[in-house]
Asks: 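What follows is a structure written as structure tokens; I'll ask about it next.
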Amino acid sequence: MKIASWNVNSLNVRLPHLLDWLAAARPDVVALQETKLEDARFPAEALAQAGYACAFHGQKTYNGVAILAREGAIEDVQAGIPGFADEQARALAATVGGVRIIDLYVVNGQAVGSEKYDYKLRWLAAAHDWIAAERARHPDLVVLGDFNIAPDDRDVHDPAAWGDDSILTSSAERAALRRLLELGLHDSFRLFESGGGHFSWWDYRAAGFRRNLGLRIDLVLASDALRPRLTAAGIDREPRAWERPSDHAPVWLELG
DNA sequence: ATGGTTGATTTTCAA
């Protein structure tokens with residue numbers, strides 16, 4: 001069972017890339033972020049033709065998350081973080097093939113100390129409590145998406161430039177991510193690769209991808225119970241090199 | 001190299 005995450009940065013623009021990638025990579029479950037589509041405009045028919053059922057939680061212009069599943073049903077769908085009033089469509093959970101899937105588009109936060117940064121930390125605290133409850137109900141749990149946090153210096157092209165004062169790498173953000181992992185979740189990529197230089201996002205500006213000036217901020221977390229089934233995890237850089245790409249690459253894990 | 005690019009809707013905002 002291959003479970004993937006991809007921030008597509010507009011599903012309207014990226015649908016051809018998504019369809020090409022689904023056909024090539026054949027994931028069983030895909031979590032999408034930044035669909036930027038109202039639910040009425042979600043391309044459910046085109047994805048059904050490609051063999052994928054969909055659950056989606058979107059809005060106009062910004063944000064938007066979706067879960068796709070090849071074969072098998074999408075069950076017990078939850079849109080948004082329960083009990084957390086949020087105008088932004090950033091979270092979606094569903095059960096597929098007995099695995100609970102939680103798709104997160106974590107707040108970017110813009111700059112340390114800004115209002116958006118406060119919102120990011122409050123959002124992460126609410127997500128933590130929700131995930132704790134979900135984990136108690138569903139031992140087989142995968143939490144994945146665009147976390148907008150680089151876990152440590154190996155996940156940053158220039159740790160001197162990306163430190164405690166920077167958004168995506170500040171100590172409060174990294175501590176919030178650690179609190180999620182302390183619920184009994186594992187950063188699947190790090191179970192297979194301990195080296196640096198592996199990124200999932202490259203800025204469109206300044207030829208970031210060509211120069212590999214990236215960050216690893218897209219993560220697939222697997223619960224303790226799933227760890228014995230984990231056979232592989234990785235980042236698929238190829239779609240980032242396609243014409244008119246998303247600024248993020250798909251990330252994935254494989255369960256035996 | 002303190003810039004640069006992309007997307008959705010504007011006359012900027014968010015990333």
Side-chain angles (χ1 to χ4, degrees), chain A residues 5-21 31-43 46 56-66 80 86-92 103-124 127 144-151 155-170 172-174 176-177 199-219 235-251:
Chain A
S5 173
W6 194 6
N7 180 325
V8 292
N9 187 16
S10 170
L11 185 51
N12 188 43
V13 171
R14 226 67 66 196
L15 182 60
H17 280 197
L18 177 61
L19 293 171
D20 286 349
W21 182 74
L32 302 178
Q33 304 86 37
E34 286 206 84
T35 56
K36 301 185 177 180
L37 284 176
E38 291 174 292
D39 289 347
R41 294 184 59 212
F42 194 88
F56 39 89
H57 173 46
Q59 66 186 108
K60 200 173 169 183
T61 311
Y62 302 121
N63 309 310
V65 282
D86 195 353
E87 291 181 355
Q88 305 193 11
R90 295 181 170 276
L92 184 66
D103 177 12
L104 303 180
Y105 175 45
V106 175
V107 177
N108 174 287
Q110 194 172 57
V112 173
S114 66
E115 268 184 41
K116 288 174 184 172
Y117 185 74
D118 291 340
Y119 168 50
K120 181 175 197 172
L121 296 180
R122 284 189 289 108
W123 195 95
L124 285 163
L144 74 176
D146 177 357
F147 282 74
N148 270 320
I149 302 170
D155 304 309
V156 174
H157 68 87
D158 183 355
W162 293 84
D164 191 31
D165 295 334
S166 299
I167 198 67
L168 314 185
T169 55
S170 72
E173 293 169 80
R174 284 174 163 170
L177 177 59
F199 308 128
S200 67
W201 170 82
W202 299 261
D203 202 309
Y204 286 124
R205 297 166 288 187
F209 184 65
R210 181 177 59 73
R211 302 159 69 197
N212 199 29
L213 306 181
L215 303 178
R216 192 174 68 90
I217 56 176
D218 300 87
L219 309 175
I235 302 168
D236 186 355
R237 290 170 53 101
E238 195 182 329
R240 185 61 178 79
W242 293 347
E243 193 176 343
R244 204 180 181 191
S246 169
D247 45 353
H248 294 254
V251 297

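Not measured: the values here are computed from a predicted model. Below, chain A is the first sequence line, B the second, and so on; all start at residue 1.
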Asks: Can you confirm whether the side chains of A:D236 and A:W21 place a donor and an acceptor under 3.5 Å from each other?
Replies: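 A:D236 vs A:W21: donor-acceptor pair found between side chains.
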Asks: Return the value, rounded to whole Å, for the distance between atom CG of A:N12 and atom P of B:dT6.
Replies: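 These atoms are roughly 17 Å apart.
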Asks: Quickly work out the A:K60 NZ to B:dA14 C1' distance and round it to whole Å.
Replies: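 In whole Å, B:dA14 C1' and A:K60 NZ are 16 Å from each other.
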Asks: Starting from C1' on B:dA15, measure out to CG on A:N63 and report it in whole angstrom.
Replies: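 Distance check: A:N63 CG to B:dA15 C1' gives 11 Å.
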Asks: Can you tell me how far C1' of B:dG7 sits from NE2 of A:H248, to the nearest Å?
Replies: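 Spelled out: NE2 on A:H248 to C1' on B:dG7 is 13 Å.
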Asks: Of all the nucleotides listed (B:dA15, B:dT6, B:dT9), which has the minimum atom distance to the side chain of A:N108?
Replies: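 That would be B:dA15.
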Asks: For B:dA14 and B:dT10, measure between their C1' atoms and round to the nearest Å.
Replies: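 Approximately 13 Å lies between the C1' atom of B:dA14 and that of B:dT10.
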Asks: Starting from P on B:dT5, measure out to CG on A:L213 and report it in whole angstrom.
Replies: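 To the nearest whole Å, that distance equals 15 Å.
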Asks: Map A:R210 and A:W201 onto DNA chain B by nearest heavy atom, then report which one ends up closer to the 5' terminus.
Replies: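 Result: A:R210.
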Asks: Under 4.5 Å between any side-chain heavy atoms of A:P239 and A:S246, yes or no?
Replies: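 No. Closest side-chain heavy atoms not under 4.5 Å.
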Asks: Below 4.0 angstrom from OP1 or OP2 of B:dA14, is there any side-chain N or O of A:K116?
Replies: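 Checking B:dA14 against A:K116, a side-chain N or O does come within under 4.0 Å of OP1 or OP2.
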Asks: For the side chain of A:Y204, counting heavy atoms from C-beta on, which of B:dT6, B:dA14, B:dG4 is nearest?
Replies: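 Nearest to the side chain of A:Y204 among the choices is B:dT6.
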Asks: A:R14 has a side chain; which of B:dA15, B:dG7, B:dA8 sits nearest to it?
Replies: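 Given the options B:dA15, B:dG7, B:dA8, the side chain of A:R14 is closest to B:dG7.
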Asks: For A:G109 and A:K36, take the nucleotide of DNA chain B holding the closest heavy atom to each; which residue's nucleotide lies nearer the 5' end?
Replies: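 Its nucleotide being nearer the 5' end, the pick is A:K36.
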Asks: Classify the ring geometry between A:F56 and A:F42 as parallel (under 30°), tilted (30 to 60°) or perpendicular (over 60°).
Replies: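 A:F56 and A:F42: parallel rings.
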Asks: Work out how far the C1' atom of B:dG4 is from that of B:dA15, and round it to whole angstrom.
Replies: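 The answer is 13 Å between these two C1' atoms.
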Asks: Report the distance from atom CD of A:E34 to atom P of B:dC13, rounded to the nearest whole Å.
Replies: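 Atom-to-atom, A:E34 to B:dC13, this comes out as 18 Å.
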Asks: Would you measure the distance from the C1' atom in B:dG3 across to the matching atom in B:dT9 and give it in whole Å?
Replies: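 My reading of the C1' atoms in B:dG3 and B:dT9 gives 25 Å.
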Asks: For A:F199 and A:I235: C-alpha separation, side-chain torsions, deciding distance, then whether side chain to side chain contact (heavy atoms under 4.5 Å, CB included) applies.
Replies: CA-CA 8 Å; A:F199 308 128; A:I235 302 168; 6.0 Å; no
Asks: Counting any heavy atom closer than 4.0 Å, what does A:F209 reach on the DNA or RNA strands: base, sugar-phosphate only, or nothing?
Replies: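 Result for A:F209 = nothing.
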Asks: Under 4.0 Å, counting only non-hydrogen atoms across every strand here, what does A:R90 touch: a base, just sugar-phosphate, or nothing?
Replies: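 It contacts sugar-phosphate atoms only.
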Asks: Can you tell me how far C1' of B:dT10 sits from OH of A:Y62, to the nearest Å?
Replies: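 Distance check: A:Y62 OH to B:dT10 C1' gives 10 Å.
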Asks: Is the shortest heavy-atom distance from the side chain of A:N12 to the side chain of A:R41 under 4.5 Å?
Replies: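 Touching, per the 4.5 Å side-chain cut-off.
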Asks: Using whole Å, what does the distance between atom P of nucleotide B:dA15 and atom CD of A:E115 come to?
Replies: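 For the pair A:E115 CD and B:dA15 P, the rounded distance is 13 Å.
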Asks: Among the nucleotides B:dT6, B:dA1, B:dA15, which one has an atom lying closest to any side-chain atom of A:R211?
Replies: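 Per side-chain heavy atoms of A:R211, the pick is B:dA1.
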Asks: Please pick, from B:dA14, B:dG7, B:dG4, the nucleotide with the shortest atom-to-atom distance to any side-chain atom of A:R205.
Replies: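 Taking heavy atoms from C-beta onward, the closest nucleotide is B:dG4.
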Asks: Side chains of residues 104-111 of chain A: which donor-acceptor pairs under 3.5 Å do they make with residues two or more places apart or in other chains?
Replies:
| residue | atom | partner | partner atom | Å |
| --- | --- | --- | --- | --- |
| A:Y105 | OH | A:E34 | OE2 | 3.4 |
| A:N108 | OD1 | A:Q110 | N | 2.8 |

